[in-house]
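This report refers to the structure that appears directly beneath it.
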2 protein chains.
Amino acid sequence: MTEYFPIGEATRRTGVKAPTIRYYEQIGLLPPPPRSEGNRRSYGDIDLRRLAFIRHARELGFEIDAIRALLTLQDDPDQPCATADAIAKARLAEVEQRIRSLQALKVELEAMVEGCSHGRVAGCRVIEVLAAHCKCAHSEH
Amino acid sequence: MTEYFPIGEATRRTGVKAPTIRYYEQIGLLPPPPRSEGNRRSYGDIDLRRLAFIRHARELGFEIDAIRALLTLQDDPDQPCATADAIAKARLAEVEQRIRSLQALKVELEAMVEGCSHGRVAGCRVIEVLAAHCKCAHSEH
DNA sequence: CTTGCTCCTCTAGTGACTAGAGGATGTAGC
DNA sequence: GCTACATCCTCTAGTCACTAGAGGAGCAAG
């Protein structure tokens, strides 16, 4: 007597919207769940965990294909985890890069907000700072 | 005799790809430049600066509409900059939030990479950590 | 039994590009 | 002038990860 959850309850428990859940089913990320008499999807704990896993991974910035790879590993756990490790490592590098970028940008935005003394745009730094910074067109940051 | 740049040179100088430049023109973010005899776009310094501005703003995470708003302000600089200020402030809040998220995620990814001792997936933390974390389904981050 | 909610499928739209077809133009060497 | 070859043009269609809406069926409460 496992618990049964209709899609609405699944969205409440995982934070993934119903159309998105159906979309994940459609692209094969989530297995098609059993249906009720009235043709409604009924999810169990395992599905909910899988969904939450997907949601969290998406928030981490994993792409669907990376998640698919992880889930495949999970479904077949007698494999070396070098693959999962590689995915996580690549992702880590990206996350670090993004943090660096955003921190640089934060400094700029702060300068903008601070510089804008509620005068006219002519003297407003929001645009100036953004335009000025463009001189570094090809540098990373 | 301002300098003339064909689209290829513009991409070299701004880092924005040619199709993207045309796309920006199409959606009205970049004014249609004058054309050469042979119907080629020829950009001047102002266009390049505008393009670099757009590129940089995109990197900052501004959406096209926000950029359009900023550019409109720039084109008509005798307006109060409260609007630009508001955009920058909203963006700043978002950037800060994103940095916080990413830092949390970085910690997790590091734990994953470290925890994965090149064994089998059964004992691999990449998936465990991601799944475990899902218990916080509705918390922010 | 009606009201109102949830759910179903299906198609089409979103944002911000990106890819590719098919053709015109510009430039450098012979 | 002629031939290669790069660069450019327009146009349509595809990408990713959803999101919105139409039109209809099922279910639970009063």
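Every chain is numbered from 1, with letters handed out A, B, ... down the list of sequences. Bear in mind the structure is a predicted one, so any value in this text is a computation, not a measurement. For the numbers below, each heavy atom of this structure counts, side chains included, while hydrogens, waters and symmetry mates do not.
- B:Tyr43 has its OH atom 16 Å from the P atom of D:dT7, to the nearest Å.
- Residues B:Tyr23 and B:Leu29 have side chains not in contact (no heavy-atom distance under 4.5 Å, counting atoms from C-beta outward).
- For the OP1/OP2 pair of D:dA17 and a distance below 4.0 Å, the side-chain nitrogens and oxygens of A:Thr20 include no atom meeting the criterion.
- Straight-line distance from the CD1 atom of B:Ile21 to the C1' atom of D:dC9: 14 Å, rounded to whole Å.
- At a threshold of 4.5 Å between non-hydrogen side-chain atoms, the residues A:Arg55 and A:Thr20 do not count as touching.
- Counting heavy atoms from C-beta on, the side chains of A:Arg40 and A:Pro6 never come closer than 4.5 Å.
- For A:Arg68 and D:dC16, the CZ to C1' distance is 12 Å, given to the nearest whole Å.
- For A:Asn39, the side chain to side chain donor-acceptor pair (under 3.5 Å) test picks out A:Arg35, with sequence neighbours left out.
- Listed pair A:Tyr24 / D:dC18 meets the phosphate criterion, a side-chain N or O lying under 4.0 Å from OP1 or OP2.
- Within a 6.0 Å radius of CD1 in B:Ile27, other residues, nucleotides and ligands contribute more than 12 heavy atoms.
- The distance between atom OH of A:Tyr23 and atom C1' of D:dT15, rounded to the nearest whole Å, is 10 Å.
- Nucleotides of DNA chain D nearest to B:Arg41 and A:Asn39 differ in position, and the one nearer the 5' end is that of B:Arg41.
- Among the heavy atoms of the strands lying under 4.0 Å from B:Glu63 are primed sugar atoms or P, OP1, OP2 only; no base atom is included.
- When heavy atoms are screened at a 4.0 angstrom cut-off, A:Arg22 is found touching base atoms of the nucleic acid.
- Within the 4.5 Å cutoff, the side chain of A:Leu48 has no heavy atoms near those of the A:Glu9 side chain.
- Looking at A:Asp47 and A:Pro31, their side chains come closer than 4.5 Å, going by heavy atoms from C-beta outward.
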Check the interface with nucleotides 1-3 of chain D: list each N/O to N/O pair with the protein under 3.5 Å, or write none.
none

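- Per the geometry, CD belonging to A:Glu37 stands 18 Å off P belonging to D:dA25, to the nearest Å.
- The span of DNA chain C lying next to chain B, judged by atoms under 4.0 Å from heavy atoms, is bounded 5' to 3' by C:dA16 to C:dG26.
- Taking the side chain as every heavy atom from C-beta outward, B:Leu71 and B:Ile54 approach each other to under 4.5 Å.
- In terms of position along DNA chain C, the nucleotide closest to B:Asp65 lies nearer the 5' end than the nucleotide closest to the other residue of the pair B:Asp65 and B:Gly38.
- Within the 4.5 Å cutoff, the side chain of A:Arg58 has heavy atoms near those of the A:Ile64 side chain.
- Separating the CD1 atom of A:Ile27 from the P atom of D:dA17 is a distance of 7 Å, rounded to the nearest angstrom.
- An OP1 or OP2 oxygen of D:dT19 is reached within less than 4.0 angstrom by a side-chain nitrogen or oxygen of A:Lys17.
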